[in-house]
Amino acid sequence: MNVPTTIHVDRTRIAARLAWLAASLVLLAAGCGGHANDKEPAASDPSRPFAGQTLRVFNWSDYIDPDLLKEFEAQTGAKVQYDNFASDAELETKMLAGGSEYDVIFPSDRSMTPLVKKGLLAPLDKSLLPGMKHLDPKFLDARFDRGNRYSVPYFWGTVAVGVQSDKVDKDAKDFKVLFDPKYSGHITMLDDPENVVAIVLLSLNLPMNSTKDEDLAKVKAVLKAQRPLVQAYTSDAFKDKLISGDAWVALGWSGDILQAREKRASVRVIVPSSGSMIWADSMAIPVGAKQPKLAHAFIDFLLGPEVAARNANFVRYPTPNAAARAKVDPALRSDPAVYPPADVLDRCQWLEDRGADISKIERLWREIK
Amino acid sequence: MKGPAAWPPLIYLVAFFLVPTCLVASYSLRARDFSGHIRAEASVEGWREATGSYSMPILGRSLALAGAVTAACLVLGYPCAMVLARQPKGQRRAWVVLLSFPLVTSQLLRIFGWLNLLPLSLRGTTWGVGLVMAAAYLPFMLLPLLRACERVDPDVRLAALDLGATPWQAFHRVTWPLTRPGAIAGCSLVFIPAAGEYLIPHFIGEGKVTVLGTMIVEEFMERRNWPFASAAAMVLLIVIVVPAAVSIRLSGKGPRARPGGASE
């Protein structure tokens, strides 16, 4: 293999092969491109206005009742192509690289700020969204999208602590339990500086969005002392760790901890009465979406009280749809871990976009990890 | 090689290596956009971060880990290869198939298997990560070593012993020099991917073992700090090119155990 072999091949044959290769590449590219604009003429049947069209949806995994997609297909005649993403960054990167391959996306409140700022979202046509009247005003006009020009809330939730009730004190009721040396080796934290720093600031009774150096120094001291107690920094495995019993105290998203409780009854959900971080995911339409009318129809379909209630029963996150909430499974509706009482909710805060100050939080995180 | 015959590798090199590398290099020299992606203006901040006091210990840890994994694979793999090389051909074939079997199963599947197998005290530690990496990379060491050992005529070693060499001398002066190219190939096949390993430190390390691979993914995907992540990827590339060049030089010279046609 070390001896270079010179192969003498007729130049014209090589050229012919290259031409063939180039031609097939062009054909391949054309094939891929052609796939994207399969706009078919709308069917004349008025009961199935979108027959033949394809709606491309990009959402978090396990975040919709799959029966609803079938129902939407049956009602409109459209086909739904449903893809999943696993992180804010995955969605944002896809949108930056040219998001027009999707018609409806479900960004988190944290992602909304950059998406709006970069002009990647198309303004909504409210006349096509009569279902918006069902939404709780508390979740409208959010700081990341004043006047709901680009987005409609889908679900919301809090950051909570899941604990094993047979291992952890009965009276544990706030974030302090995360820093208790008694649970050394069985504590898991989100692997995310923004959320973790916010939670520590809350537990210290400091402003949750503070980037003041003296506040962050206190946070750093707490996290540094906590590090030897931590079993894992993870944003996805905490649910399985709660179910397996490896984690006794886990910081995570309320809905995931509730899903863990379904599988292991000893799991208890703590939403601190002093308030937590609140978040919301939205529905939005990317600029350049191929089927904007169909996208609006899909969003309005999900806003229907009946549909939204069934969806909420399935995903177990709280719904921002006031009309739907009355129809949600009573056990779910009355669970304070799902819908925190009004006074607790009033004390919950939204994570704000910190701009360039985020590097302070990142530096802190690097120093403790 | 010259002339048209060099075109296919040239096209491959340009399309799949040079163009992406140049893109990464250009990202690394731009300013960070805090809402994701990069800004148009030039900046060396990414390189400053990638060669700064945060990244350098992580680079050191990654290289030390990759070195330890390579050493462990060599120490485990060499005796195995020597023993296997002396087996009759049919049995040897069966062993090779069995030993390469991990390579045809999904790496993720094997990692989840290890997650269930490892005690809690080893998960989230550098030791645990190193153990799983050594197990995962062992076939890459074993197969080239086995190939090298097969090619050594057993009579050569016997002749050395007959001529008064101690077993250690026979190994040190005869067997090892003849199998060294295989060992070098195995070491580079293990060390190079191990230095940039992401999956095993991510899952077995449980967010507590930061190596270069996890750092780059984290900075790119979670922090959206593209210039830093790109600069760190370039640092990794440079750090990897050096041992690769060394190993190519090393395997190019030295005794060649290649009696014509002996390899099947």
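Throughout, a chain's letter reflects where its sequence line sits, starting with A, and its residues are numbered from 1.
Contacts between A/Asp192 and chain B at a heavy-atom distance below 4.5 Å are absent for every atom of the residue. With a 4.5 Å cut-off on non-hydrogen atoms, A/Ala356 touches chain B through its backbone and its side chain both.
Atoms CG and NE2, on A/Asp236 and B/His202 in that order, are 5.5 Å from each other to the nearest 0.5 Å. Expressed to the nearest 0.5 Å, how far CZ of B/Arg223 lies from CZ of A/Arg366 amounts to 8.0 Å. Rounding to the nearest 0.5 Å places NZ of A/Lys117 at 8.0 Å from CG of B/Asp33. Between the OH atom in A/Tyr233 and the NZ atom in B/Lys208 there is a gap of 7.0 Å [rounded to 0.5 Å]. Expressed to the nearest 0.5 Å, how far CZ of B/Phe112 lies from CG of A/Asp240 amounts to 8.0 Å. From B/Glu222, atom CD reaches atom OG of A/Ser87 across 5.5 Å, with rounding to the nearest 0.5 Å.
Counting heavy-atom pairs closer than 4.5 Å to chain B, the top residue among A/Val230, A/Thr93, A/Thr188 is A/Val230. By number of non-hydrogen pairs under 4.5 angstrom with chain B, the leading residue of A/Gln231, A/Lys369, A/Glu367, A/His186 is A/Gln231. Heavy-atom pairs under 4.5 Å with chain B peak, among A/Asp191, A/Thr234, A/Asp246, at A/Asp246.
For B/Trp176, the CH2 atom counts as densely surrounded, since its 6.0 Å shell holds more than 12 non-hydrogen atoms of other residues, nucleotides or ligands. Shown here is A/Asn84, whose CG atom has more than 12 heavy atoms of other residues, nucleotides or ligands within 6.0 Å. Within a 6.0 Å radius of CZ in A/Phe144, other residues, nucleotides and ligands contribute more than 12 heavy atoms.
The pair A/Glu362-B/Arg32 meets the salt-bridge criterion, since a charged nitrogen lies less than 4.0 angstrom from a carboxylate oxygen. Between B/Glu49 and A/Arg363 there is no salt bridge, since none of the side-chain N atoms of the basic residue sits less than 4.0 Å from a carboxylate O of the acidic one.
Contacts of B/Ser28 classified as side-chain hydrogen bond (donor to acceptor under 3.5 Å, both in side chains), with partners at least two apart in sequence or in another chain: B/Trp47.
Here the shortest heavy-atom pairing between A/Glu92 and B/Arg224 reads OE2-NH2, 2.7 Å.
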